[in-house]
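Following: one structure in structure tokens, then a few remarks.
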Amino acid sequence: MPNEFKGEPIAAKGAKFAIVVARYNESITSKLLAGAQSTLLAAGVADADIDVAWVPGAFELPLVAQTMAHRRQYRAVLCLGAVIRGETTHDQHINRAVSLGLSQISLETGIPVLFGVLTCESLEQAIHRSGGQVGNKGVECATAALELVDLLDRMLPLEF
Ligand code: INI
């Protein structure tokens, strides 16, 4: 039988979490934030162990996520935003930079950096994914963060 490692979405004792959230499309991102916070709290994370930083738009998420990750106080950094396609290719540039930037920070620091950014064709799609018919990306992001922290804790003894 191989050894299997599987994390659970439970709060590690005393674990602190950072949430970086974009103000652009705030009617959507505030719902992602509420979803992420309530998921962390429901899992047993203390209110005082959640720090929230607001940035102007999704493009600014990587810099602040990197700053949070480098503090080495947080077990995970959750990044929330809503990019909605307009008449130009602006959204594509933002999405590419943010997705790449966040994954690079995660690999560089070894801290889970979660991609809770909606990349939608329309406001309707974003509404559906921020607590509507298609779930809440903030909840998904927080659940994934909890699972990853638990998984890394289970794997820690394997580090050399
Ligand atoms: N920022 C978003 O978070 N979502 C968007 O849909 C968006 N659009 O479409 O323009 C957006 N633009 C702002 C961008 O993230 C930066 O804040 C801005 O370009 C300054 O760097």
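All residue numbers refer to positions in the sequence shown, counting from 1. Owing to the predicted nature of the structure, the values given are computational and were not obtained by experimental measurement. Indexing begins at 1, ligand by ligand and atom by atom, following the structure's order. Heavy atoms only: backbone and side chains are in, while hydrogens, waters and symmetry mates are out.
With a 4.0 Å heavy-atom cut-off, ligand 1 is reached by the side chain of Asn25 but not by its N, CA, C or O. Only the side chain of Ile94 comes within contact range of ligand 1, with a heavy atom under 4.0 Å; no backbone atom does.
Residue-to-ligand polar distances place Ile84 within reach of ligand 1: an N/O pair is separated by less than 3.5 Å. Residue Ala58 places at least one N or O, backbone or side chain, under 3.5 Å from an N or O of ligand 1. Looking at Ala22 next to ligand 1, no N or O pair under 3.5 Å apart turns up.
Set against the non-hydrogen atoms of His90, the atoms of ligand 1 under 4.0 Å away are 8 (N), 10 (O), 12 (N), 19 (O). Which parts of ligand 1 touch Val83 is read off a 4.0 Å heavy-atom cut-off, strictly below it: atoms 4 (N), 5 (C), 6 (O). Contact atoms of ligand 1 toward Phe59: 14 (C), 15 (O), 16 (C), 21 (O) (distance under 4.0 Å to a heavy atom of the residue). Numbered from 1 in the order shown, with element, the atoms of ligand 1 that lie under 4.0 Å from a heavy atom of Ala82 read 2 (C), 3 (O), 4 (N), 5 (C), 6 (O).
Gln125 places none of its side-chain heavy atoms less than 4.5 Å from the side chain of Val134. By the 4.5 Å heavy-atom criterion applied to side chains, Ile19 and Ile50 are counted as neighbours. Between Val98 and Phe115, the closest side-chain pair of non-hydrogen atoms falls below 4.5 Å.
The pair Arg75-Asp153 meets the salt-bridge criterion, with a side-chain N (NZ, NE, NH1 or NH2) lying under 4.0 Å from an Asp/Glu carboxylate O.
The backbone N or O of Pro9 sits nowhere less than 3.5 Å from a side-chain atom of Asp150 that would complete a donor-acceptor pair. A side-chain donor-acceptor contact under 3.5 Å links Thr29 to the backbone of Ala22. With hydrogens and angles ignored, the 3.5 Å screen pairs a side-chain donor or acceptor of Glu60 with a backbone N or O of Gly57.
Protein heavy atom closest to atom 17 (O) of ligand 1, with residue, atom name and distance, is Glu60 OE1, 2.6 Å. Here the protein heavy atom with the shortest distance to atom 7 (C) of ligand 1 is Tyr24 CE2, 3.2 Å.
Other residues, nucleotides and ligands contribute more than 12 heavy atoms inside 6.0 Å of the CD atom of Glu108.
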